[in-house]
Undergrad: 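Below you will find the structure I want to go over with you.
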Amino acid sequence: MGLKPDHWIEQMAKEHCMIEPYEPAQVREGVISYGVSSYGYDIRVADEFKIFTNLNSAVVDPKDFDPASMVDFKGDVCIVPPNSFALARTIEYFRIPRSVLTVCLGKSTYARCGIIVNVTPFEPEWEGFVTLEISNTTPLPAKIYANEGIAQVLFFEADEECRTSYADKKGKYQKQQSIVLPKL
């Protein structure tokens, strides 16, 4: 299994619609960068957010998550409260080939501000918009800029295809079209 370079990513984006929309160059002027990079793809955050609120003093339970703990927000700039988090989704829609696994890491511009982006791997044959978890680890409110870069996806291609893909398992987050809350 090896890390894949920019020309492989471009080829897969064209041949397999792996990333839509696909930006073939790094866009940087006046924005937090996005688009293809040397060995990955910098994804953008859409303008739809679910911001965590503790108004109801709920317990965060991944087996029984209370949707009332989230406030919907749509806009060009999302303010994440201190020591809190927001969920968002990518602008890009992904179709991961059967022999590919991705790892996603937050961009250094946000990390240097105490903002951590958490995304689980995109498994072979997973498809959909990516749900992002954006944590503000600081004691101050933090700005997140919609339609700009938020994280980088690294692509690894295996020497052979996996026996069971995410699609084969009928994964619960397959083909998600919006921000999806935790579910069993």
Side-chain angles (χ1 to χ4, degrees), residues 1-49 85-135 137 144-180 182-183:
M1 182 174 275
L3 182 63
K4 298 319 245 180
D6 52 1
H7 57 84
W8 179 91
I9 297 166
E10 184 170 6
Q11 178 185 346
M12 296 300 279
K14 288 179 181 175
E15 290 179 14
H16 300 282
C17 300
M18 186 173 73
I19 306 168
E20 289 185 309
Y22 176 77
E23 180 56 54
Q26 185 103 128
V27 176
R28 310 174 83 143
E29 188 106 3
V31 298
I32 298 173
S33 63
Y34 63 90
V36 75
S37 60
S38 303
Y39 286 95
Y41 191 87
D42 291 2
I43 55 178
R44 293 172 286 172
V45 62
D47 65 354
E48 303 164 25
F49 300 87
F85 74 96
L87 297 178
R89 72 164 180 89
T90 56
I91 288 176
E92 294 83 4
Y93 189 91
F94 286 85
R95 291 174 190 86
I96 305 302
R98 191 174 185 98
S99 62
V100 175
L101 175 75
T102 76
V103 173
C104 190
L105 304 165
K107 291 187 65 71
S108 64
T109 299
Y110 279 118
R112 293 163 198 251
C113 295
I115 299 165
I116 308 302
V117 179
N118 186 28
V119 181
T120 59
F122 312 170
E123 293 187 42
E125 291 192 324
W126 175 81
E127 177 180 331
F129 289 102
V130 179
T131 296
L132 307 163
E133 188 264 334
I134 304 164
S135 292
T137 65
I144 305 300
Y145 293 91
N147 304 305
E148 297 188 22
I150 191 80
Q152 183 176 84
V153 179
L154 304 175
F155 298 85
F156 297 89
E157 186 175 36
D159 296 333
E160 58 185 81
E161 290 185 349
C162 61
R163 184 175 297 151
T164 307
S165 74
Y166 195 79
D168 295 338
K169 295 186 282 188
K170 298 189 180 356
K172 61 187 170 188
Y173 300 114
Q174 184 71 309
K175 297 186 180 180
Q176 56 193 22
Q177 298 295 310
S178 61
I179 300 167
V180 178
K183 55 185 173 181

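Note that the structure is predicted; figures quoted are calculated from it, not measured. One is the number of the first residue; the rest follow in order along the sequence. Side-chain atoms are counted along with the backbone in the values below, which use heavy atoms only and exclude waters and symmetry mates.
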Undergrad: Without swapping roles, check the side chain of Q177 against the backbone of K175 for a donor-acceptor pair under 3.5 Å.
TA: yes
Undergrad: Kindly say whether V31 contributes a backbone atom to a donor-acceptor pair with the side chain of E148 at under 3.5 angstrom?
TA: no
Undergrad: Please check this pair: side chain of T102 against backbone of V153, looking for a donor-acceptor N/O pair closer than 3.5 Å.
TA: no
Undergrad: For residues F155 and M12, determine if any side-chain heavy atom of one lies less than 4.5 Å from a side-chain heavy atom of the other.
TA: no
Undergrad: Locate the shortest heavy-atom distance separating D42 from K107; write the atom from each residue and the value.
TA: OD2-NZ, 2.7 Å
Undergrad: At their closest point, which heavy atom of K183 faces which heavy atom of Y173, and how far apart are they?
TA: N-OH, 3.1 Å
Undergrad: Given side chains that start at C-beta, do those of T109 and Y145 come closer than 4.5 Å, heavy atoms only?
TA: no
Undergrad: Name all residues meeting the side chain to side chain donor-acceptor pair (under 3.5 Å) criterion together with S165; count only those two or more places apart in sequence or in a different chain, and write none if there are none.
TA: R98, E125, D168
Undergrad: Applying the side chain to side chain contact (heavy atoms under 4.5 Å, CB included) test to Y110, which of I116, I134, I32, V45 qualifies?
TA: I32
Undergrad: Can you check whether I43 reaches C104 side chain to side chain, under 4.5 Å on heavy atoms?
TA: yes
Undergrad: Verify side chain to side chain contact (heavy atoms under 4.5 Å, CB included) between E20 and R95, making sure each step is shown before the conclusion.
TA: CA-CA 9 Å; E20 289 185 309; R95 291 174 190 86; 2.7 Å; yes
Undergrad: Could you check T164 against K169 for side chain to side chain contact (heavy atoms under 4.5 Å, CB included), going step by step and ending with a plain yes or no?
TA: CA-CA 7 Å; T164 307; K169 295 186 282 188; 3.6 Å; yes
Undergrad: Short question: side chain of R44, backbone of I91 - any donor-acceptor pair under 3.5 Å?
TA: no
Undergrad: More than 12 foreign heavy atoms under 6.0 Å from NZ of K172: is that the case here?
TA: yes
Undergrad: Would one find more than 12 heavy atoms of other residues, nucleotides or ligands at under 6.0 Å from atom OH of Y39?
TA: no
Undergrad: For E157, does its backbone N or O pair with a side-chain atom of S99 as donor and acceptor, under 3.5 Å?
TA: no
Undergrad: Indicate yes or no for a side-chain donor-acceptor contact from Q174 to the backbone of E127 under 3.5 Å, with no hydrogens or angles considered.
TA: yes
Undergrad: Of the non-hydrogen atoms in P121 and L101, which two are nearest, and what is the gap between them?
TA: CB-CD1, 4.0 Å
Undergrad: State whether the side chain of Q152 and the backbone N or O of L105 hold a donor-acceptor pair below 3.5 Å, judged by distance alone.
TA: no
Undergrad: Under a 4.5 Å cut-off applied to non-hydrogen side-chain atoms, are P97 and M18 in contact?
TA: yes
Undergrad: Considering all heavy atoms of both residues, which atom of Q176 and which atom of Y93 are nearest to each other, and what is their separation?
TA: O-CE1, 4.2 Å
Undergrad: List the atom pairs, with distances to 0.1 Å, where a side-chain N or O of residues 21-30 and a protein N or O form a donor-acceptor pair under 3.5 Å, not counting sequence neighbours.
TA:
from	atom 1	to	atom 2	distance (Å)
Q26	NE2	G35	O	3.4
Q26	NE2	V36	O	3.2

Undergrad: Between atom CD1 of I115 and atom CD1 of I150, what is the distance when rounded to the nearest 0.5 Å?
TA: 7.5 Å
Undergrad: Taking only residues two or more places apart in sequence, or in another chain, which ones meet F122 in a ring pair (Phe, Tyr, Trp, His ring centres under 6.0 Å)?
TA: F94, W126
Undergrad: Can you tell me how far the CD1 atom of I9 sits from the CG atom of L154, to the nearest 0.5 Å?
TA: 8.0 Å
Undergrad: Heavy atoms, side chains only, cut-off 4.5 Å: are V130 and E92 in contact?
TA: no
